[in-house]
A.B. asks: 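This is the structure I have questions about; it appears just below.
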Amino acid sequence: MTQVETGPSNFIRNIIDNDLETGKHQSIHTRFPPEPNGHLHIGHAKSICLNFGLAQDYSNALCNLRFDDTNPVKEDADYVAAIEEDVRWLGFEWAGDIHYSSDYFEQLYAYAVELIENDKAYVCELNAEQTREYRGTLTSSGKESPFRNRPIQESLDLFARMRAGEFSEGSMMLRAKIDMASPNMKMRDPVIYRIRFAHHHQTGDKWCIYPMYDFTHCISDAIEGITHSLCTLEFEDHRPLYDWVLANISIACKPRQIEFSRLNLQYTLTSKRKLNALIEENIVAGWDDPRMPTISGMRRRGYPAASIREFSKRIGVTKQENTVELASLEACVRENLEANAPRAMAVIDPVKVIISNYENDKTEQLIAPAHPKDESMGTRTLPFSRELLIDRADFREEANKKYKRLVLGKEVRLRNAYVIKAEDVIKDEAGNITEIHCSYDPETLGKNPSDGRKVKGVIHWVDATSNEAAEFRVYERLFLVENPAAAEDIHQVINPESLVVKQGFVELGLAEAVAEKAYQFEREGYFCADSKDSTPQHLVFNRTVALRDSWGG
RNA sequence: UGGGAUAUCGCCAAGCGGUAAGGCACCGGGUUUUGAUCUCGGCAUUCAGAGGUUCAAAUCCUCUUAUCCCAGCCA
């Protein structure tokens, strides 16, 4: 009976459907190919959900996890572990073992030799600056390297000696022999191997030459039997090269590269480099700072994995440049949490309420449902006594009719408890309210006033003594502008209130709150205990997202 | 006259020659012990623009315009 939740139609699914119908493929095989040089973010989540989602939706389909690790200078094994965890947490499992491009270094080397033997590649000794000059510009063709037509045997010998470590970094490189006059810059004899005396996180010191992306990726795809190799739009110009490499070596499998547009999200940076800068400059606390759009950051913030998957499904897959509104992501988070988060009460900015007509040392144990629509979630017990705490924003000495909370001389409902009426207010010398004296109607527990009085407002509360102290980390968007990537100076657009820390109280039962488990603090928003900093002795709650608020006051 | 791509509602996005899906957002009504949720209703005579083909065009053709990507021994 399990309904397979397939994604909506998109141009890639159309291509796959067609390939299956025409018999080009019997089944499909995708791959998610991160470079282990940083942490995964919401943009990668789109790609993960696309690639693994396709594998889930089509019969006998598979999706590999492959680390594209051809640049040891930038990569690190720590990232490999973090990426694996992020993919798993998102809810996906890869086919078989994890793959690494570095697994194929020996085969890649052999294919490079094959290219040289067929006069399709040569060892070039131009330096970096010369190489750039020889490449030409966007509007003028390049010119051929003086090494382009050196004897095949000579290139073969040099390439072997490059591998043997006889030459210094930058002194030589292997280039594909294609067309220096091509209007496509990528086809102007692209570099396919460079010398790097660097320790590699997987292969150690075995190699001192490393293949470039364009040579590696297509061959890795072919070796793994990938049918559809999905990547982002900026690789469109690389496709002719992808096809060229596979057409000029003796490999049978010819995967098809298909490009789709990357995700841009309002008020969010999706560039590993820029995210890294935020960390380096201590603007955020780390990759998993709840304000980060990283998978680990969103997880710590309290976004359910399923809501990220749903978001990926909703935004679709096209070739159009796009910037998705943050509201769209938040809607997915709220939709999930509305159904799954048990309710609780928390007072974030407390002020004391004294029920003057309530017995001095009496305490009642009130029962409240954990969810207003889901009885299976059970109930919780709320101590209620003479002294309570409510939020400062929920009381005014005077207010117009639109204000539906506690007003001096008026009544309000205490959520899950009684109707109270504000009788008096006590202030300190500075004029700050320190106590609100109220009376309560003992006949209003679980029912409306019998005389027909209408009490419109409902506010939340916590017992003044039977409670748990808690720290609240109230998060807002990290940036003040919709497109922080376009800012000349990122410091100018940082939201100074992206994190506001408050000290308040939560109801008793939350002492055992499990990290990352979502709660709705009624009328405040969705929160979860912080996975790094919250302890039973010092509770710390992250605000995942506020409740929708159509009032605006 | 470098090359490659993209243009459908405020933001995403279906649509593939037969007369504009859906989601988010927004605006109204109802329910509500969360100003939440839920619910009902509204929201493109029009598909970047101009021509053309056709009984019929967002879909085909022509031209124009706008935007994005490409000159790392990064991926």
Side-chain angles (χ1 to χ4, degrees), chain A residues 8-11 14 33-35 37 68-71 73-75 124 126-128 131-133 135-142 169-175 182-188 190-196 210 212-214 216-217 231-240 259 261 263 266 272 311 313-332 334-335 338-339 343 345 368 371-373 402-405 412-419 444 446-448 455-460 520-525 546-553:
Chain A
S9 164
N10 64 51
F11 79 103
N14 291 345
E35 182 188 14
N37 68 343
D68 215 343
D69 56 347
T70 57
N71 188 354
V73 177
K74 291 187 174 179
E75 298 154 8
C124 179
L126 253 24
N127 63 34
T131 305
R132 193 181 335 113
E133 285 167 10
R135 187 152 36 224
T137 71
L138 294 177
T139 51
S140 65
S141 89
E169 286 188 12
S171 64
M172 286 187 193
M173 58 190 166
L174 185 69
R175 293 230 254 170
S182 172
N184 180 347
M185 301 291 287
K186 299 294 179 213
M187 298 297 271
R188 319 243 263 227
V191 178
I192 58 179
Y193 263 92
R194 78 288 216 186
I195 299 170
R196 285 286 179 278
Y210 292 94
M212 299 287 287
Y213 166 85
D214 287 304
T216 309
H217 203 88
C231 63
T232 44
L233 248 31
E234 65 271 27
F235 290 99
E236 277 176 323
D237 289 344
H238 298 239
R239 185 165 12 103
E259 312 83 16
S261 53
L263 165 69
Q266 279 188 343
K272 280 186 201 170
F311 175 68
K313 186 186 295 182
R314 289 187 191 180
I315 59 176
V317 180
T318 68
K319 294 179 76 108
Q320 281 154 244
E321 295 289 337
N322 62 83
T323 301
V324 177
E325 291 174 338
L326 207 50
S328 187
L329 208 208
E330 292 182 338
C332 295
R334 289 196 187 99
E335 184 177 295
E338 156 62 27
R343 310 292 130 115
M345 291 196 283
H371 193 288
K373 293 180 175 177
K402 304 197 81 174
Y403 185 79
K404 305 198 317 190
R405 311 178 194 179
V412 79
R413 158 75 62 181
L414 288 178
R415 176 75 167 155
N416 296 127
Y418 301 95
V419 169
T444 53
K447 56 191 175 190
N448 288 321
V455 179
K456 195 69 182 146
V458 181
I459 64 173
H460 57 95
Q520 184 196 99
F521 291 163
E522 290 186 296
R523 301 209 317 125
E524 290 288 358
L547 254 28
R548 259 186 88 238
D549 183 5
S550 56
W551 188 52

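Order of the sequence lines fixes the chain letters, A, B, ..., with proteins taken first and strands second; residue numbering starts at 1 for each chain.
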A.B. asks: Would you tabulate the nitrogen or oxygen pairs shorter than 3.5 Å linking the protein to nucleotides 7-9 of chain B?
C.D. replies:
residue, atom, partner, partner atom, Å
B/A7, OP1, A/Gln320, OE1, 2.9
B/U8, OP2, A/Gln320, NE2, 3.3

A.B. asks: Mind calculating the distance between CG (A/Asn322) and C1' (B/C24) to the nearest angstrom?
C.D. replies: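 That distance rounds to 14 Å.
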
A.B. asks: Would you list the protein and nucleotides 16-22 of chain B atom pairs, both N or O, that sit under 3.5 Å from each other?
C.D. replies:
residue, atom, partner, partner atom, Å
B/C16, N4, A/Asn14, ND2, 2.9

A.B. asks: With sequence neighbours excluded, tell me which residues meet side chain to side chain donor-acceptor pair (under 3.5 Å) with A/Thr137.
C.D. replies: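 Side chain to side chain donor-acceptor pair (under 3.5 Å) list for A/Thr137, sorted by chain: A/Ser140.
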
A.B. asks: Need one value for A/Val412: base, sugar-phosphate or nothing, where a base atom within 4.0 Å counts as base even if backbone is also close, heavy atoms only.
C.D. replies: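 Since no nucleic acid heavy atom lies under 4.0 Å of A/Val412, the category is nothing.
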
A.B. asks: What is the distance, rounded to the nearest whole Å, between atom NZ of A/Lys456 and atom C1' of B/A36?
C.D. replies: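 So the NZ-C1' distance, A/Lys456 to B/A36, works out to 14 Å.
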
A.B. asks: Suppose we define a pair by two distances each less than 3.5 Å, Watson-Crick or G-U wobble; what does B/U19 pair with here?
C.D. replies: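 With both distances under 3.5 Å required, B/U19 matches none.
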
A.B. asks: NA contact type, A/Thr318, heavy-atom cut-off 4.0 Å: base, sugar-phosphate, or nothing?
C.D. replies: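 Counting heavy atoms under 4.0 Å across all strands, the contact made by A/Thr318 is with sugar-phosphate only.
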
A.B. asks: Can you name the nearest heavy-atom pair linking A/Met212 to A/Val191, along with the distance?
C.D. replies: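 The pair with the smallest heavy-atom distance is CG-O, 3.3 Å.
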
A.B. asks: How close or far is atom C1' of B/A36 from atom CG of A/Leu547, stated in whole angstroms?
C.D. replies: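 In whole Å, B/A36 C1' lies 4 Å from A/Leu547 CG.
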
A.B. asks: Please name the nucleotide paired to B/A44 by Watson-Crick or G-U wobble geometry with both distances under 3.5 Å, or report none.
C.D. replies: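 Base partner found: none.
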
A.B. asks: How far, in whole Å, is B/U45 from B/U53 if one measures between their C1' atoms?
C.D. replies: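 23 Å, rounded to whole Å.
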
A.B. asks: Taking A/Pro190's backbone N and O only, do any of them form a donor-acceptor pair with A/Arg175's side chain (distance below 3.5 Å, no angle check)?
C.D. replies: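 Such a contact is absent between A/Arg175 side chain and A/Pro190 backbone.
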
A.B. asks: Treat primed atoms plus P, OP1 and OP2 as sugar-phosphate and everything else as base, then score nucleotides 69-75 of chain B 5' to 3': B for base contact with protein heavy atoms under 4.0 Å, S for sugar-phosphate contact only, - for none.
C.D. replies: BBBSBSB

A.B. asks: Applying a 4.0 Å non-hydrogen cut-off, can you work out what A/Tyr403 is touching in the nucleic acid: base, sugar-phosphate, or nothing?
C.D. replies: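 Result for A/Tyr403 = base.
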
A.B. asks: Using the side-chain heavy atoms of A/Arg343, tell me which of these nucleotides is nearest: B/U34, B/G2, B/U37.
C.D. replies: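 The answer is B/U34, which lies nearest to the side chain.
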
A.B. asks: Expressed as a whole number of angstroms, how long is the span from A/Arg334:CZ to B/G23:C1'?
C.D. replies: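 For the pair A/Arg334 CZ and B/G23 C1', the rounded distance is 15 Å.
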
A.B. asks: Looking only at atom C1', what distance separates B/A57 and B/G42, rounded to whole Å?
C.D. replies: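 Approximately 29 Å lies between the C1' atom of B/A57 and that of B/G42.
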
A.B. asks: In Watson-Crick or G-U wobble terms, both distances under 3.5 Å, what is the partner of B/C60?
C.D. replies: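 The base-pairing partner of B/C60, which may sit in any strand shown, is B/G52.
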
A.B. asks: Answer with yes or no whether A/Glu524 presents, from its side chain, a donor or acceptor under 3.5 Å of a partner atom in the base of B/U34.
C.D. replies: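 Under the 3.5 Å cut-off, the side chain and the base do not form any donor-acceptor pair.
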
A.B. asks: Between A/Arg405 and B/U33, is there a contact of a side-chain N or O with OP1 or OP2 at under 4.0 Å?
C.D. replies: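 The answer is no; no side-chain N or O of A/Arg405 sits under 4.0 Å from OP1 or OP2.
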
A.B. asks: Could you label the plane-to-plane angle of the A/Tyr213 and A/His238 rings as parallel, tilted or perpendicular, counting under 30° as parallel and over 60° as perpendicular?
C.D. replies: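 Taking A/His238 first and then A/Tyr213, their aromatic rings stand perpendicular (interplane angle over 60°).
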
A.B. asks: State, yes or no, whether a side-chain contact exists between A/Thr70 and A/Asp68 at a heavy-atom distance under 4.5 Å.
C.D. replies: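 Heavy-atom side-chain distance check passes, below 4.5 Å.
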
A.B. asks: Detail all sub-3.5 Å separations between protein N/O atoms and N/O atoms belonging to nucleotides 38-42 of chain B.
C.D. replies:
residue, atom, partner, partner atom, Å
B/C38, O4', A/Lys373, NZ, 2.9

A.B. asks: Looking only at the side chain of A/Glu325 (C-beta and beyond, no hydrogens), which of the listed nucleotides B/C24, B/U37, B/A13 gets closest?
C.D. replies: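 Nucleotide nearest to A/Glu325's side chain: B/C24.
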
A.B. asks: How many Å lie between CG on A/Asn10 and P on B/G23, as a whole number?
C.D. replies: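 Computing the A/Asn10:CG to B/G23:P distance gives 19 Å.
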
A.B. asks: Work out how far the P atom of B/U64 is from that of B/A75, and round it to whole angstrom.
C.D. replies: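 Roughly 39 Å separates the two P atoms.
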
A.B. asks: Nearest whole angstrom, please: distance from the C1' of B/U32 to the CD1 of A/Ile459.
C.D. replies: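 These atoms are roughly 17 Å apart.
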
A.B. asks: If we only count heavy atoms from C-beta on, is the A/Tyr210 to A/Asn71 side-chain gap below 4.5 Å?
C.D. replies: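 Sidechains of A/Asn71 and A/Tyr210: no contact.
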
A.B. asks: Would you please name every residue forming a ring pair (Phe, Tyr, Trp, His ring centres under 6.0 Å) with A/Phe521, sequence neighbours left out?
C.D. replies: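 Once residues adjacent in sequence are excluded, the partners of A/Phe521 under the ring pair (Phe, Tyr, Trp, His ring centres under 6.0 Å) criterion are A/Phe527, A/Phe541.
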
A.B. asks: With no hydrogens and no angle check, just 3.5 Å: does a side-chain donor-acceptor pair link A/Asn322 and A/Gln320?
C.D. replies: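 Per modelled atom types, A/Asn322 and A/Gln320 side chains form no pair under 3.5 Å.
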
A.B. asks: In this structure, how many angstroms lie between the C1' atom of B/C12 and the CG atom of A/Leu326, rounded?
C.D. replies: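 Computing the A/Leu326:CG to B/C12:C1' distance gives 14 Å.
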
A.B. asks: Checking all strands, does A/Glu330 fall into the base, sugar-phosphate, or nothing category for heavy-atom contacts under 4.0 angstrom?
C.D. replies: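 A/Glu330: no heavy atom of the nucleic acid under 4.0 Å.
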
A.B. asks: How far apart are the closest heavy atoms of A/Lys447 and A/Arg413, and which atoms are they?
C.D. replies: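 Where A/Lys447 meets A/Arg413 most closely, the heavy atoms are O-NH2, 2.9 Å.
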
A.B. asks: Rounded to the nearest angstrom, tell me the gap between atom NZ in A/Lys319 and atom P in B/A13.
C.D. replies: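 Result: 13 Å.
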
A.B. asks: Both A/Glu236 and A/Gly316 contact RNA chain B. Taking the nearest nucleotide for each, which residue is further toward the 5' end?
C.D. replies: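 On the 5' side of the pair lies A/Glu236.
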
A.B. asks: Using the salt bridge (Lys or Arg N to Asp or Glu O under 4.0 Å) criterion, which residues pair with A/Arg523? Sequence neighbours excluded.
C.D. replies: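 If we apply the salt bridge (Lys or Arg N to Asp or Glu O under 4.0 Å) test to A/Arg523, skipping adjacent residues, the hits are A/Asp394.
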
A.B. asks: Which is true for A/Ser261 with a 4.0 Å heavy-atom rule: it touches a base, it touches only sugar-phosphate, or it touches nothing?
C.D. replies: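 Counting heavy atoms under 4.0 Å across all strands, no contact is made by A/Ser261.
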
A.B. asks: Quick one: CD1 on A/Ile459 to CD on A/Glu522, what's the gap to the nearest 0.5 Å?
C.D. replies: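 With rounding to 0.5 Å, CD1 (A/Ile459) is 13.0 Å from CD (A/Glu522).
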
A.B. asks: At under 4.0 Å between heavy atoms, what does A/Gly446 touch on the DNA or RNA strands: base, sugar-phosphate, or nothing?
C.D. replies: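 Base contact - A/Gly446 has a heavy atom under 4.0 Å of at least one base atom.
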
A.B. asks: List for me each residue that meets side chain to side chain donor-acceptor pair (under 3.5 Å) alongside A/Lys319, sequence neighbours excluded, and say none if there are none.
C.D. replies: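 Partners of A/Lys319 under the side chain to side chain donor-acceptor pair (under 3.5 Å) test: A/Glu236, A/Glu259.
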
A.B. asks: With A/Glu338, which residues qualify under salt bridge (Lys or Arg N to Asp or Glu O under 4.0 Å), at least two apart?
C.D. replies: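 Applying salt bridge (Lys or Arg N to Asp or Glu O under 4.0 Å) to A/Glu338 gives A/Arg343.
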
A.B. asks: Mind telling me if B/G72 is syn or anti? Syn here is a glycosidic angle within 90° of 0.
C.D. replies: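 With its glycosidic angle within 90° of zero, B/G72 counts as syn.
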
A.B. asks: Looking at side-chain heavy atoms only, is the closest gap between A/Asn416 and A/Met345 below 4.5 Å?
C.D. replies: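 Yes. Closest side-chain heavy atoms under 4.5 Å.
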
A.B. asks: What I want to check is whether an N or O donor and acceptor connect the side chain of A/Arg413 with the base of B/U33 at under 3.5 Å.
C.D. replies: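 Donor-acceptor pair under 3.5 Å: yes.
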
A.B. asks: Can you name the residues that form a ring pair (Phe, Tyr, Trp, His ring centres under 6.0 Å) with A/His371, not counting sequence neighbours?
C.D. replies: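 For A/His371 there are no ring pair (Phe, Tyr, Trp, His ring centres under 6.0 Å) partners, ignoring immediate neighbours.
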
A.B. asks: Applying side chain to side chain contact (heavy atoms under 4.5 Å, CB included), can you list everything that pairs with A/Met187, at least two apart in sequence or on another chain?
C.D. replies: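 Residues passing side chain to side chain contact (heavy atoms under 4.5 Å, CB included) with A/Met187: A/Ile178, A/Ser182, A/Asn184, A/Pro240, A/Leu241, A/Trp244.
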
A.B. asks: A/Glu234: which residues meet the side chain to side chain donor-acceptor pair (under 3.5 Å) condition with it, sequence neighbours left out?
C.D. replies: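 Scan of A/Glu234 (side chain to side chain donor-acceptor pair (under 3.5 Å), adjacent residues dropped) gives A/Thr232, A/Arg262.
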
A.B. asks: Using the C1' atom as the point on both nucleotides, what is the distance between B/C43 and B/C26, in whole Å?
C.D. replies: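 8 Å, rounded to whole Å.
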
A.B. asks: Would you measure the distance from the P atom in B/C47 across to the matching atom in B/C60 and give it in whole Å?
C.D. replies: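 The same atom, P, in both gives a distance of 15 Å.
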
A.B. asks: Which value, in whole Å, describes the distance between the C1' atoms of nucleotides B/A50 and B/C55?
C.D. replies: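 My reading of the C1' atoms in B/A50 and B/C55 gives 24 Å.
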
